[in-house]
Amino acid sequence: MKRFLLILTLTCSAFSQPYDLLIRNGHLVDGTGSPWYSGDLAIQGGRIVAIGALSEASAAKTIDAHGLVVAPGFIDMLGQSEMTILVNPHLPSKIFQGITTEITGEGSSIAPLNDRIIRADHPNYQHYSITPDWTTFRQYFARLEKQGMGINLATYVGATQVRRMVLGDENRAPNANELEHMKQLVRDAMHDGAVGVSTSLQYAPAPYASTEELIALASESAKLGGIYASHMRSEGDGIIAAIDEVIRISREAKIPAEIWHLKAAGKTNWGRMPEIVAHIEKARQSGVDISADTYAYPAWFNSFSAFIPPWAHDGGDAKLIARLKDPAERARIRKDMETPSSKWDNEWQEIPGAESILVSVVQNPKLVPLQGKTIAEIAKLWNKDPLDTIFDLLIQDDAFTSVAVFGMSEPDVTLALQQPWVSVCNDSQGTATDGLLGREHPHPRAYGTFPRILRKYVREEGKLRLEDAIRKFSALPAQRMRLTDRGVLKKGMWADIVIFDPATIHDRATFENPNQLSEGMRYVLVNGVPVIENGKQTNALPGKVLRGPGYVN
């Protein structure tokens, strides 16, 4: 009897002490793929401390989630916000989608840096009015934590970045001493908190790296618990060979692998997604820990200079511009672009025509009126053929331009999204509708990826169950990234939580008018703190740097 009274006293005492926040009457979608259930959820000290029938509990703040979905915050498996978070740390384009955590660092990561890289990348820093006062991840993370951040952020160390630290932009293999230096840089980055090593093998100087070089770098990351993530060498005609390279790296480096933004790119490859899926499934069945993610739009977004063959990038952007100005070199570039090849990812051959390229972001102020126009429209305006238009635009913009490219089929996009091992990425930097960032014309995925999936593929087309979509947004990416204290609604987890009406949540961003925030997120909590409350941005900065398993304090 005394024991019963003691338990009753402790229970009453627990209820008598108010929680920080209590979410009542919600439809809890826990992130695992299980069906929703009704219940209350309590938060204390930034973490979930109780789930269930908590009608007797009290809290400093209460949210009535009647009729609304309560789910884990969404994890963006590839964002590009390492620079823009320094411009606008609130990242409204992300939080209004429900994104509470971003993974970034695609090939060319924010660190390490040296004077040579800073000089070469000056146009990018200048574009965002940023002075790089860091050279290591540890210093960059310290800057982030000092300024505050609206979401959580983790980053890979880029294999391209490591290569540029040692070899610059040269097209050659490292010698033994140089490779050892590169491996040390990966170890240093992992000790600073990087979550793994990444590649973006379409963009020079990345294609100059051999598979053996990448295995050596991935092996160093693997020793410290890292992951290998890749924008593959080809997403078009050479995609099966490119997947095989990822599989080989995973096997030989003994490292889990993630294929970023899985797609069948180019008109000649439309309809190949079943073959691609089967190829990855076969590798998984053989024991290779390989998975992928997608942003589920029919157009990709990348540097316009990627249309130029890799050899022309040798030595960096300045050398590229010089080659585009040289008549003989320009003719050779044109011939390569006009010739189908599986030896490089020839984007010009992958699209129906110049109308499929939409200019999105430029550096040169004189070119700003071209943002939102297609190359076909600009060619007509300039009275030039499309390839000369591409070359001259790159020259005038110092190879800075970014473009949206319409080169995928909707059935392929849908099939990729439906795979149980495919999560979701935004593949866009966090941005805003105003200020410096609001002057750009980004891909609409920057604002709409996650709500678009909930609207289009869940609510309108029924291609995904709501619970499966939430799993792709939360538990699945958390599992891949080894975020063991995030991604599901469970006691003890960090309270990254979204609350929304599944019947009304939707994206507003379009290719014609992308700078529009998604609508429908009633509340978004990051580490227990609302960054969106009653549909309004709070300007709180509760985000954390999420460091990888190799981190040494």
Side-chain angles (χ1 to χ4, degrees), residues 77-78 103-109 156-163 186 194-203 205-223 225-266 269 272-295 300 302 306 310 342-345 412 415-417 419-425 427 476-477 479-482:
M77 282 293 275
L78 175 58
I103 318 298
T104 190
E106 185 188 8
S108 294
S109 51
Y156 292 89
V157 57
T160 306
Q161 198 74 12
V162 166
R163 170 175 256 271
V186 170
V195 294
V197 66
S198 71
T199 54
S200 189
L201 295 170
Q202 184 179 352
Y203 308 119
Y208 308 151
S210 67
T211 306
E212 290 74 19
E213 177 183 318
L214 301 179
I215 290 169
L217 300 183
S219 296
E220 293 304 315
S221 178
K223 294 171 187 175
I227 299 158
Y228 173 70
S230 184
H231 174 152
M232 299 184 295
R233 287 189 198 271
S234 175
E235 298 172 322
D237 293 350
I239 190 168
I240 297 302
I243 293 171
D244 283 340
E245 181 181 44
V246 175
I247 292 168
R248 181 186 167 195
I249 292 168
S250 177
R251 280 187 172 134
E252 295 189 22
K254 298 179 174 59
I255 192 169
E258 178 79 4
I259 296 174
W260 274 327
H261 42 67
L262 182 67
K263 63 176 70 74
N269 296 297
R272 289 188 71 188
M273 189 54 70
E275 175 193 358
I276 293 165
V277 166
H279 201 72
I280 295 172
E281 285 280 10
K282 183 177 179 181
R284 288 181 58 81
Q285 290 166 9
S286 74
V288 177
D289 187 0
I290 183 172
S291 58
D293 50 65
T294 178
Y295 44 77
W300 61 83
N302 62 4
S342 61
K343 295 180 180 179
W344 65 288
D345 216 9
D412 285 338
L415 183 60
L417 178 63
Q419 301 313 304
W421 36 265
V422 171
S423 54
V424 173
C425 70
D427 195 17
L476 179 61
Q479 172 190 338
R480 166 51 82 217
M481 301 309 304
R482 288 126 176 223

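Bear in mind the structure is a predicted one, so any value in this text is a computation, not a measurement.
No donor-acceptor pair under 3.5 Å is formed between the side chain of Arg284 and the backbone N or O of Trp421. Put simply, the side chain of Ser109 never gets that close to the backbone of Val157: no donor and acceptor are under 3.5 Å apart.
In this structure, CD1 in Ile255 is found 11.5 Å from NZ in Lys223, a value given to the nearest 0.5 Å. Between atom CD1 of residue Ile239 and atom CD of residue Glu275 there is a gap of 8.5 Å, rounded to the nearest 0.5 Å. To the nearest 0.5 Å, atom CH2 of residue Trp344 and atom CD of residue Gln202 are 9.0 Å apart. Distance CD/Gln161 to OG/Ser200: 11.5 Å, rounded to 0.5 Å. Atom NE2 of His279 and atom CD1 of Ile240 lie 5.0 Å apart (nearest 0.5 Å).
Glu235 places none of its side-chain heavy atoms less than 4.5 Å from the side chain of Asn269. With contacts defined as side-chain heavy-atom distances shorter than 4.5 Å, the pair Leu217/Arg163 does not qualify. Under the 4.5 Å side-chain criterion, counting only non-hydrogen atoms from C-beta, Pro205 is in contact with Thr160. No side-chain heavy atom of Glu220 sits under 4.5 Å from any side-chain heavy atom of Val197. With contacts defined as side-chain heavy-atom distances shorter than 4.5 Å, the pair Met481/Glu258 does not qualify. At a threshold of 4.5 Å between non-hydrogen side-chain atoms, the residues Ser108 and Tyr203 do not count as touching. A 4.5 Å side-chain heavy-atom check between Tyr156 and Leu78 finds every atom pair outside the cut-off. Looking at Leu214 and Leu201, their side chains come closer than 4.5 Å, going by heavy atoms from C-beta outward.
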### Task
Please report the C-alpha distance between Lys263 and Asp412 in whole Å, then the side-chain angles of each, then the deciding distance to 0.1 Å, and finally whether the side chain to side chain contact (heavy atoms under 4.5 Å, CB included) criterion is met.
CA-CA 7 Å; Lys263 63 176 70 74; Asp412 285 338; over 6 Å; no
Checklist entry - Do Ile290 and Ser250 pass the side chain to side chain contact (heavy atoms under 4.5 Å, CB included) test, and can you show the C-alpha distance, the side-chain angles, and the key distance before you say yes or no? => result CA-CA 8 Å; Ile290 183 172; Ser250 177; 5.5 Å; no
*asked:* Could you go through Ile280 and Ile259, starting from their C-alpha distance and side-chain angles, then the distance that decides it, and tell me whether this counts as side chain to side chain contact (heavy atoms under 4.5 Å, CB included)?
replied: CA-CA 10 Å; Ile280 295 172; Ile259 296 174; 4.0 Å; yes
* Asked: Would Asp427 and Glu106 satisfy side chain to side chain contact (heavy atoms under 4.5 Å, CB included), going step by step from the backbone distance to the final call?
  -> CA-CA 9 Å; Asp427 195 17; Glu106 185 188 8; 3.9 Å; yes
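With hydrogens and angles left out, the side-chain atoms of Ser230 and Thr199 include a donor and acceptor closer than 3.5 Å. Side chain to side chain, Glu245 and Thr211 meet the donor-acceptor criterion of an N or O pair below 3.5 Å.
A salt bridge links Arg480 with Asp289: the closest approach of a Lys/Arg side-chain nitrogen to an acidic carboxylate oxygen falls below 4.0 angstrom.
Heavy atoms only, all atoms of each residue included: Ile227 and Pro256 are closest at CG2-O, 3.6 Å. Contact between Ala242 and Arg233 at its shortest, heavy atoms only, is CB-N, 4.2 Å. The two residues Pro477 and Ser423 make their nearest non-hydrogen contact at CD-CB, 4.0 Å. Of all heavy-atom pairs between Pro310 and Tyr208, the closest is O-OH, 2.8 Å. Taking each heavy atom of Gly236 and Ser234 in turn, the nearest pair found is N-OG, 3.1 Å. Residues Gly105 and Trp260 come closest through the heavy atom pair O-CH2, 3.7 Å.
For Glu212, the side chain to side chain contact (heavy atoms under 4.5 Å, CB included) partners at least two apart in sequence or on another chain are Ser210, Arg248.
Between Tyr295 and His261, the ring-plane angle classifies as tilted under the 30° and 60° cut-offs.
A side chain to side chain contact (heavy atoms under 4.5 Å, CB included) with Leu262 is found for exactly one of Asp293, Leu415, Leu417, Ile276, namely Ile276.
Taking a 6.0 Å sphere around CD of Glu252, one finds it holds more than 12 heavy atoms contributed by other residues, nucleotides or ligands.
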